[in-house]
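Notes follow once the structure below has been shown.
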Amino acid sequence: MKIEVFEMERMQSTWENVVEYDLSESGVLPVSLGELVEMGFDLDWALSTPLTYSQGNGTPELREALTKLYPGAGIDDIEVTNGTSEANFMVSLSLLKEADEFALEVPNYMQLWGVPRSLGAKVNKFHLRQDNDWEPDWEEFEQAVNPRTRLVYLSNPNNPTGSVLSRQAMERIVARCEEMEAYLIADEVYLGAEIHRERTPSFWGMSDRVIVTSGLSKAYGIPGVRIGWIVGPPEIVQECWTQHDSLTICPNKLSDAIARIAVEEENREALYSRGRALLQENLKITEDWVSGLGEGFSFRAPEAGAICFMRYPGDYPSVELCERIRDRQSTLIVPGSQLGMEGFLRIWLGARPEYLKEGLRRVQIELA
Ligand SMILES: Cc1ncc(COP(=O)(O)O)c(C=O)c1O
């Protein structure tokens, strides 16, 4: 399998550690190991435990803890992975074959643009529409999810718009997947990063066609440990484990132990609250900033997630605009074209407020 370049990830990994202000990030400000020790992570255990391989599909303790997030799921319905990206990758590898069709919600985290195409599948896009509160374009959706469609992917809350699907929209999507006998990957890595609204409902339990992927990277603020998971029908989860054996064998042992602490209810809620306070402050800063930019700049306030997706006036290509900002201001943001929608810029809301303000000041110089 020859995989195509994932443009956004390549752009980030090339530049994020080079620039002075990285506003291309997308999760809540990461926590430190010290903070996780305060939550109960046993550092002495970590210092003395032999660094063996861990259980391939995740320790039973971690999977047991995760079942509490997904009512009705047992530990055999869960595979722990190295990040949500590995979860998405393994589900695609498990389910797609040449000439299948794959439906992709855009804009989005575009990992599952390249992977299905590299597997020989045809990708059909359906758009979220800004003029309709970022609800799907239902006509496109129905064309994209057809009798040849094997798999559908969406992120909810969505990266990059920060929108959350209504209950009716969720039901309509699931009903269509059932009717067409397609599976749905609901990537819920931003669940828990709600800014002012109530908790995003999970797709879990709506149908046996639903596969949820998620992880610690965004709402929990723990991307560096690389823990994600798949929750789905046991035969699919089993197939993903087979993929896992040949891909990375197992999650990192220390990371599995950290994840067991992070997902405990009390700690999870504390991490979500920490994120919420920061996102509320940063959203206000960003709204004030956008309203000072002048005509043509707009965004619909994200309901959840650590990013905002701003439309800009004119038809200047977003990649060139971001390159100019990077070159002249040493500040990195993401061009809409790398998220499947031209004419927009994605800006990180998860940074420390002072860092965000300085990054925005620099971006504004180039937007003037
Ligand atoms: C929707 C979505 N899914 C998956 C990922 C990758 O997450 P992870 O760090 O858990 O691999 C990202 C990262 O930005 C994302 O936005």
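Whatever order the structure lists ligands and atoms in, that order sets their numbers, starting from 1. Note: hydrogens, waters and symmetry copies are ignored here, and every other heavy atom, side chains too, is used. Everything quoted here is computed from the prediction, not taken from an experiment.
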[X]/[Y] ion pair, N-O < 4.0 Å:
X	Y	value
Arg117	Glu4	yes
Glu264	Arg260	no
Glu265	Lys68	no

List below, pair by pair, the N or O atoms of ligand 1 and of the protein that are less than 3.5 Å apart, including the distance to 0.1 Å; reply 'none' if no pair qualifies.
from: ligand 1; atom 1: 3 (N); to: Asp187; atom 2: OD2; distance (Å): 2.6
from: ligand 1; atom 1: 9 (O); to: Ser217; atom 2: OG; distance (Å): 2.7
from: ligand 1; atom 1: 9 (O); to: Arg226; atom 2: NH1; distance (Å): 2.8
from: ligand 1; atom 1: 9 (O); to: Arg226; atom 2: NH2; distance (Å): 3.4
from: ligand 1; atom 1: 10 (O); to: Thr84; atom 2: N; distance (Å): 2.7
from: ligand 1; atom 1: 10 (O); to: Thr84; atom 2: OG1; distance (Å): 2.8
from: ligand 1; atom 1: 10 (O); to: Ser217; atom 2: OG; distance (Å): 3.0
from: ligand 1; atom 1: 11 (O); to: Thr84; atom 2: N; distance (Å): 3.2
from: ligand 1; atom 1: 11 (O); to: Ser85; atom 2: N; distance (Å): 2.9
from: ligand 1; atom 1: 11 (O); to: Ser85; atom 2: OG; distance (Å): 2.6
from: ligand 1; atom 1: 11 (O); to: Arg226; atom 2: NH2; distance (Å): 2.8
from: ligand 1; atom 1: 14 (O); to: Ser26; atom 2: OG; distance (Å): 3.4
from: ligand 1; atom 1: 14 (O); to: Lys218; atom 2: NZ; distance (Å): 2.8
from: ligand 1; atom 1: 16 (O); to: Asn159; atom 2: ND2; distance (Å): 2.7

Tell me every residue that passes salt bridge (charged side-chain N to carboxylate O under 4.0 Å, His left out) with Glu266, counting only those two or more places apart in sequence or in another chain.
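So Glu266 forms no salt bridge (charged side-chain N to carboxylate O under 4.0 Å, His left out) with any residue.
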Using a 6.0 Å distance limit plus a 45 degree cone around the ring axis, check whether Arg361 lies over the aromatic ring of Tyr21.
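That pair does not qualify as a cation-pi contact.
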State whether Trp15 and Arg326 meet the cation-pi test: NZ (Lys) or CZ (Arg) under 6.0 Å from the six-membered ring centroid, and within 45° of the perpendicular axis.
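Arg326 over Trp15 ring: yes.
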